[in-house]
Amino acid sequence: MGLDIHYLDNKVVINNIKNFNIKQICECGQCFRWKKEKENNYIGVAYGRVIEVLQEDDTVTIYNASEEDFKNIWIKYFDLERDYSKIKDILSQDEILKVALEYGYGIRILNQDPFELVISYIISARNSIPVISKTINNICEAYGKKLDYKGKIYYAFPTIEELSKASVEEIKNLGGSFRSKYIVDTTNKIYMCNLAKEKKLDESKEIIEELLEKYDLEKIKNMSDNDCHKALQEFKGIGAKVSDCIMLFSMQKYSAFPVDIWVKRAMIHFYGANDTSLNKIRVFAREKFGELSGFAQQYLFYYAREKGIKF
DNA sequence: TTCCAGGAGGTCT
DNA sequence: AGACCTCCTGGA
């Protein structure tokens, strides 16, 4: 991919970038830790780092990023090696989808950290975006490492081990609400599974086998899309929709099609789908969009939410 | 200005 | 099919 990249003093400049719009990327429902500073200027925390993105037309500058981090983390994070023109070409064979594709022309699906997304999307269930962000920030402040950027303090998302120290009561106080027990339970299962993998867990053979069998995020990430979708739902607090979000935004499973209220509205709006069950909409969409379902979902979601469509 | 009802990017039992 | 916690918003 001919990216026109220049490495300067702790910043990276990309010229002539295509299919990239930082507002659309940050506001299509896939991430919670990016904050708008100004138009086309966002600051975010990911993979234990703070970065700032400024977009001026087709020039994107990433501040607080070394060449090494850009190559090791941010290229993959922003999915810069994928040709989104090709995806849009294929999806635009569907005449109905064209409007949404043109509207969210600069959307990209971020590659985020699986554990962070497991917890973040458990928090998202039956919740609004401002409250989700606030709760996640509270958890980061309480358990994550401090990061400094431009004299301001930011907090990394806690590691599995850091968050394993949290109690249900503490998570409740941070805004976790009725989901707090799911967060603590899920974190502990993942943490104990990792201890078991390192043979550092003193438990019965049966318990260790169950942990390794069901709660290994690495293993789940390597499953087929359909197995992955099922496996994630073994965790408490993860149902079909949350599972789709996690696999799509952190495990590169692009046949996922998260159906929330906005996507449901979009499907009714565009395809005249009846007011039917979420699962029927999911099956219908995945048959229609196949391996590109996840991308289609992002365009539909962004269009529906920005336009505030009813049906 | 203050107050209350309704709703928010589902999942569990 | 109902309950669930909490914050935010809009209208009285």
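Values reported hereafter were calculated over all heavy atoms of this structure, with side chains retained and with hydrogens, waters and symmetry mates removed. Residue numbers start from 1 in every chain, and the chains themselves are labelled A, B, ... in the order their sequence lines are given, proteins ahead of strands.
For the OP1/OP2 pair of C:dC7 and a distance below 4.0 Å, the side-chain nitrogens and oxygens of A:Arg126 include no atom meeting the criterion.
Comparing B:dG9, B:dC12, C:dC5 against the side chain of A:Ser128 picks out B:dG9 as the nearest. Checking B:dG9, C:dC5, B:dG10 against every side-chain atom of A:Tyr121, the shortest atom distance belongs to B:dG9.
Formation of a donor-acceptor pair under 3.5 Å by the A:Thr186 side chain with backbone atoms of A:Lys236 is found in this model. Side-chain N or O atoms of A:Asp69 include none that pairs as donor or acceptor with a backbone N or O of A:Ala65 at under 3.5 Å.
Pairing for B:dG9 is absent, with no Watson-Crick or G-U wobble pair whose two atom distances lie under 3.5 Å.
Open room surrounds NZ on A:Lys35; 12 or fewer heavy atoms of other groups in view lie less than 6.0 Å from it.
With rounding to whole Å, A:Tyr299 atom OH is found 22 Å from B:dG9 atom P. Between the C1' atom of B:dT11 and the CD1 atom of A:Ile119 lies a distance of 15 Å, rounded to the nearest Å. Atom CG of A:Leu300 is separated from atom C1' of B:dG9 by 14 Å (rounded to the nearest Å). Atom P of nucleotide C:dC5 and atom CD of A:Glu169 are separated by 12 Å, given to the nearest angstrom. In this structure, A:Leu248 places its CG atom 18 Å from P of B:dG9, rounding to the nearest Å.
Ring planes of A:Phe78 and A:Trp74: tilted class, angle from 30 to 60°.
DNA chain C is contacted by both A:Arg179 and A:Lys134; A:Arg179 maps to the nucleotide lying nearer its 5′ end (nearest heavy atom per residue).
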